[in-house]
2 protein chains.
Amino acid sequence: MAAAALKNTKETIAMRVVDALRDDIITMALKPGDVISESDIAGRYGVSRQPVREAFIRLAQQGLLLIRPKRATVVKKISPVGVRQSRFIRESIEVEIIRRVAGQPSDDAANVLTKLIADQEAASDAGDSRRFHTLDELFHRTLARLAGVEYAWQLIDDHKMQLDRVRYLTLGVSSTQRAIAEHKQIVEAVAKADPMAAETAMRAHLARAELLLNQTISDFPDYFE
Amino acid sequence: MAAAALKNTKETIAMRVVDALRDDIITMALKPGDVISESDIAGRYGVSRQPVREAFIRLAQQGLLLIRPKRATVVKKISPVGVRQSRFIRESIEVEIIRRVAGQPSDDAANVLTKLIADQEAASDAGDSRRFHTLDELFHRTLARLAGVEYAWQLIDDHKMQLDRVRYLTLGVSSTQRAIAEHKQIVEAVAKADPMAAETAMRAHLARAELLLNQTISDFPDYFE
DNA sequence: TTCCCCATCCTTCCATACAAGAATGGCATT
DNA sequence: AATGCCATTCTTGTATGGAAGGATGGGGAA
């Protein structure tokens with residue numbers, strides 16, 4: 001990793017370091033188990049140790065770093081049990097969400113969701129898995145907004161980061177296309193105002209993450225606890 | 001608040017400051033809306049600004065403080081919508097937990113829970129609402145352990161702090177005795193291995209928090225957003 | 001050969017000084 | 001009297017130096 005300029009988007013240097021490091025961790029540029037140090041990152045970004053240290057603290061609280069006092073700071077390995085717990089929480093919330101959306105249908109909702117799927121197909125065809133990832137997240141967040149519980153989505157956003165790392169390891173054309181197909185099923189159920197079908201489609205969509213997790217654990221055993 | 005010695009329980013000074021401040025916030029010694037500053041707290045505990053600053057960062061991420069860059073740091077007011085969201089998440093998890101516990105009953109479980117309730121009655125009779133609060137939390141955490149999902153309890157622990165502040169405002173003899181009665185109903189259902197009754201009792205127990213929240217908002221409007 | 005001790009080199013942690021943005025209140029101006 | 005400007009004084013943000021604990025590897029002793 002080279003010089004790496006910090007994007008000038010946030011107020012403080014510490015915030016920018018947080019964003020940069022989190023991005024590196026989720027995209028696996030920094031791999032689970034990697035050891036980093038304050039001075040290392042500080043030198044890499046051309047800032048002092050202080051804002052880097054504060055960034056470490058924030059990321060540690062988000063479960064992405066593990067600070068071992070007086071020893072070292074390492075990129076936290078992915079905890080399979082933690083991922084499953086996050087998924088459990090996410091599923092119960094998203095199922096409740098899709099019930100509400102399908103129970104109170106609107107043309108608006110169907111249109112917005114259909115538009116999002118079209119964008120996802122474009123990203124998938126272009127092989128831009130990074131963009132697909134962003135759009136997939138937007139799809140689920142939009143569902144939460146349509147259900148009037150966008151705040152709940154923010155609550156699970158932290159826990160979702162662990163899962164995001166797994167997803168990044170597994171993103172390929174085949175899986176993106178399957179995800180798009182599942183998204184279509186969900187939207188169809190919403191358009192038909194069929195909550196039961198919507199719930200079933202959503203559970204199937206999320207359940208696939210379990211298979212991906214097991215597959216990923218065997219493919220990258222070093223990244224897991 | 002006077003000199004205030006930091007308990008010598010944790011490794012670093014910053015950790016001790018975190019524990020001390022969180023305790024002050026949850027017990028309402030520091031009230032929502034109170035303005036604090038790094039040098040203020042640093043002087044109060046006889047440490048430098050640095051560990052206090054790091055404590056602020058941690059508590060801000062936990063939603064207890066609001067850091068306004070270059071302006072000030074304030075004890076965050078309680079967000080009613082946030083409390084309700086936390087309750088929603090907690091209810092879905094605890095209902096799942098109580099189902100499992102009641103579905104796989106054991107004498108051991110009933111004994112442990114009965115013992116905990118006895119302790120709660122002692123604390124209630126003694127008027128020690130602080131100790132009752134601790135025991136109440138232990139009761140729910142024990143249920144999670146008996147269901148084999150203690151990890152899930154940790155996930156909701158952060159969000160629970162907001163609710164804890166509300167509870168601290170409402171702790172009185174009457175409400176503790178009612179809580180104890182509800183705990184007994186839950187344990188009875190577990191002893192009878194009746195998941196449906198257990199779920200009903202748990203939902204009723206948690207639903208009371210909604211009434212308490214509304215009551216508390218009218219009693220202490222300044223503490224809420 | 002094996003094991004223990006210790007010098008050395010890391011790391012994070014803490015203290016302090018300074019920088020910079022924001023609020024406040026007084027003063028000058030209109 | 002009302003209003004706008006500006007110095008003062010708060011706040012948090014950043015930089016840097018040193019302190020303290022842990023890891024590591026080499027050398028000596030058994």
Side-chain angles (χ1 to χ4, degrees), chain A residues 3-22 24-25 30-77, chain B residues 3-22 24-25 30-77:
Chain A
L6 292 176
K7 295 177 183 174
N8 198 7
T9 51
K10 287 297 174 64
E11 310 230 325
T12 69
I13 296 179
M15 300 284 196
R16 291 198 286 269
V17 175
V18 166
D19 289 345
L21 284 179
R22 175 169 42 214
D24 284 345
I25 293 172
L30 287 174
K31 305 188 190 316
D34 280 359
V35 176
I36 58 182
S37 80
E38 296 173 359
S39 20
D40 174 24
I41 303 297
R44 191 176 299 176
Y45 288 121
V47 300
S48 81
R49 283 165 22 224
Q50 185 63 26
V52 174
R53 173 174 177 74
E54 299 181 359
F56 279 16
I57 293 174
R58 288 185 155 88
L59 292 169
Q61 284 228 330
Q62 294 175 13
L64 294 180
L65 292 182
L66 175 64
I67 299 176
R68 304 170 56 190
K70 303 291 178 67
R71 289 177 194 78
T73 299
V74 302
V75 179
K76 206 171 182 183
K77 294 201 176 186
Chain B
L6 292 176
K7 294 177 183 175
N8 198 7
T9 50
K10 287 300 176 63
E11 310 234 325
T12 68
I13 296 179
M15 300 283 196
R16 293 198 285 271
V17 175
V18 166
D19 288 345
L21 284 179
R22 176 168 41 214
D24 283 346
I25 293 172
L30 287 174
K31 305 187 191 313
D34 279 1
V35 175
I36 59 182
S37 80
E38 295 171 1
S39 16
D40 174 23
I41 304 296
R44 191 175 298 173
Y45 288 121
V47 300
S48 82
R49 267 185 53 209
Q50 188 60 28
V52 174
R53 176 175 175 77
E54 298 180 0
F56 279 18
I57 293 175
R58 288 186 157 89
L59 292 169
Q61 284 225 330
Q62 294 175 14
L64 293 180
L65 291 182
L66 175 64
I67 299 176
R68 305 171 57 193
K70 303 291 180 67
R71 289 176 191 80
T73 298
V74 302
V75 179
K76 207 171 181 182
K77 295 202 175 185

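The sequence lines fix the lettering, A, B, ..., with proteins before strands; numbering per chain opens at 1. The figures here come from the full heavy-atom set of this structure, side chains too, leaving out hydrogens, waters and symmetry mates. None of these values were measured; they are calculated from a predicted model.
- Between the P atom of D:dG13 and the CD1 atom of B:I57 lies a distance of 7 Å, rounded to the nearest Å.
- With hydrogens and angles disregarded, no donor-acceptor distance shorter than 3.5 Å links the side chain of A:R44 to the backbone of A:A42.
- Contact annotation: B:R53 reaches the phosphate of D:dG13 (side-chain N/O to OP1 or OP2, under 4.0 Å).
- Rounded to whole angstrom, the span from the CE atom of A:M15 across to the P atom of D:dG13 amounts to 7 Å.
- With rounding to whole Å, A:Q50 atom CD is found 16 Å from C:dA19 atom P.
- The base of D:dG17 sits within donor-acceptor range of the side chain of A:R49, with an N or O pair under 3.5 Å.
- Look at CD1 on B:I67: it is 6 Å from P on D:dG13, rounded to the nearest Å.
- Both A:K70 and A:T12 sit near DNA chain D, but only A:T12 has its closest nucleotide nearer the 5' end.
- Rounded to an integer number of Å, the gap from A:E38 CD to D:dG17 P is 15 Å.
- Rounding to whole angstrom units, CZ of residue A:R16 and C1' of D:dG13 are separated by 11 Å.
- Rounded to an integer number of Å, the gap from CD1 of B:I13 to P of C:dT12 is 18 Å.
- For B:E11 against B:R16, the heavy-atom pair with the smallest separation is O-NH1, 3.7 Å.
- In this structure, the side chain of A:R58 does not engage the main chain of A:F56 through any donor-acceptor pair within 3.5 Å.
- Side chain of A:R71, nearest nucleotide from D:dT14, C:dC13, D:dG22: D:dG22.
- Within the 4.5 Å cutoff, the side chain of A:D24 has no heavy atoms near those of the A:V75 side chain.
- The side chain of B:T73 contributes no N or O atom lying less than 4.0 Å from OP1 or OP2 of D:dT11.
- Atoms CD (B:E11) and P (C:dC14) sit 11 Å apart, rounded to a whole Å.
- Proximity of B:S37 to the phosphate of D:dC10: no side-chain N or O atom is located under 4.0 Å from OP1 or OP2.
- Nearest to the side chain of A:E54, among C:dT11, D:dT12, D:dT14, sits D:dT14.
- Checking D:dT16, C:dA15, C:dC13 against every side-chain atom of A:S48, the shortest atom distance belongs to D:dT16.
- Salt bridge B:D19/B:R22: present, at least one basic N to carboxylate O contact under 4.0 Å.
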